[in-house]
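What follows is a set of notes on a single structure, which appears directly below.
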There are 2 protein chains.
Amino acid sequence: MDFSIGELARRTEVKVPTIRYYEQIGLLPPPPRTEGQQRRYGKNATARLAFIKHARELGFDIEAIRALLSLQDNPDQSCSVADRIAKARLAEVEERIASLNALRTELQRMVKECASGRVAECRVIDTLADSSHGHGRLVET
Amino acid sequence: MDFSIGELARRTEVKVPTIRYYEQIGLLPPPPRTEGQQRRYGKNATARLAFIKHARELGFDIEAIRALLSLQDNPDQSCSVADRIAKARLAEVEERIASLNALRTELQRMVKECASGRVAECRVIDTLADSSHGHGRLVET
DNA sequence: GTAGTCCCTATAGTGACTAGAGGTTCAAGA
DNA sequence: TCTTGAACCTCTAGTCACTATAGGGACTAC
């Protein structure tokens, strides 16, 4: 109880500058300070930061997390909003998995057919140069 | 033959500012200009841009593409470098797919268990608040 | 000649941090 | 009590791969 930002960073495995950044954008409330202006945290901050960290690991963006946190702060509301956010994220993830599977197939083919000879015969280069490969939104953003 | 940047954008489905950006960072050579300083492109530029576009769709970053292009420009070298780049990218993609599958499972569970009641019983919020979920690097970067 | 579309450069903004400079505070040992 | 050195502070700028905006100039069709 009542520890420094470095200790919070160690406990949650979130880097110190990232914690300050979350405070700056309003995901974490400004904590009390020592006389010398150093931040002091307690159990609540640890839980809230763990929540944020886990949500980030699940790929929720900051705005989604902001919405989820405000739900958590008002536990008497309907959770249909949380449900909607999670469903949207699930759909994104499933789409991403499908894209990456297509991508893996193409990369595997490229690698398999590359005999590591000269570039002139290289399938990796050839495949990339072949403009017939149209597939929207494969790139990870 | 000999068309504007807008026409190149239409043919390759790469946006105009993106084309100028690729020129600025040296992926595309500076093209000839009209008297009024407008860019004029030909077949070579189209092929090179299609190569870049495809590589980006496959998730190669700009530096990898720079390396691949320089191989393409010198077709007498060994293509082991290209092979290595493609293999590294394949490994990344496979790791990413594994992470996303884990993620999907967790999201599916969250959504399934959310009865859309009050937030107090919401599994979405609960799951995120549960700090026992340690899994490294699930987040897409 | 003029309207309207396209093009030009240059700069700033995006998201989610990360790195650095330059200075201050804290905790532990002598 | 003093000193050392790690940890802390703020502020600014940089990352990646674009994207958007401002304020203008060029080109094409009528």
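Everything numeric here is computed off the predicted structure, so don't read it as measured data. Lettering of chains follows the sequences in order, A, B, ..., and the numbering in each one begins at 1.
Between the B:R89 side chain and the B:D61 main chain, no donor and acceptor come within less than 3.5 Å of each other. Although no hydrogens or angles enter the test, the distance criterion places no donor-acceptor pair under 3.5 Å between the side chain of B:R48 and the main chain of B:L69. No donor-acceptor pair closer than 3.5 Å links the side chain of B:R56 to the backbone N or O of B:I65.
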Carefully, step by step, assess B:R40 and B:S4 under the rule side chain to side chain contact (heavy atoms under 4.5 Å, CB included).
CA-CA 5 Å; B:R40 287 295 169 246; B:S4 73; 3.1 Å; yes
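For the pair A:R66 and A:I25, the tightest heavy-atom approach, listed with the atom from each and the gap, is NH1-O, 2.8 Å.
Remark: B:E7 CD is packed, more than 12 non-hydrogen atoms of other residues, nucleotides or ligands lying under 6.0 Å away.
Atom C1' of nucleotide D:dC27 and atom CG of B:D2 are separated by 14 Å, given to the nearest angstrom. Taking atom NZ of residue B:K15 and atom P of nucleotide D:dC18, one finds them 10 Å apart after rounding to whole Å.
Within the structure, a side-chain polar atom (N or O) of B:Y22 is placed less than 4.0 Å from OP1 or OP2 of D:dC18. The side chain of B:T18 contributes no N or O atom lying less than 4.0 Å from OP1 or OP2 of D:dA17.
In this structure, B:T34 and B:I62 both approach DNA chain D, and ranking their closest nucleotides by distance from the 5' end singles out B:I62.
A cation-pi arrangement is present between B:R11 and B:F3 under the rule of less than 6.0 angstrom and at most 45 degrees off the ring axis.
In summary, B:E23 and B:R20 do not engage in a salt bridge, as defined by a charged side-chain N under 4.0 Å from a carboxylate O.
In 5' to 3' order, the nucleotides of DNA chain C bounding all contacts with chain A (an atom under 4.0 Å from a heavy atom) are C:dA16 to C:dC26.
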In B/S/- notation, 5' to 3', how is nucleotides 7-14 of chain D contacted by protein heavy atoms closer than 4.0 Å?
-SSB----
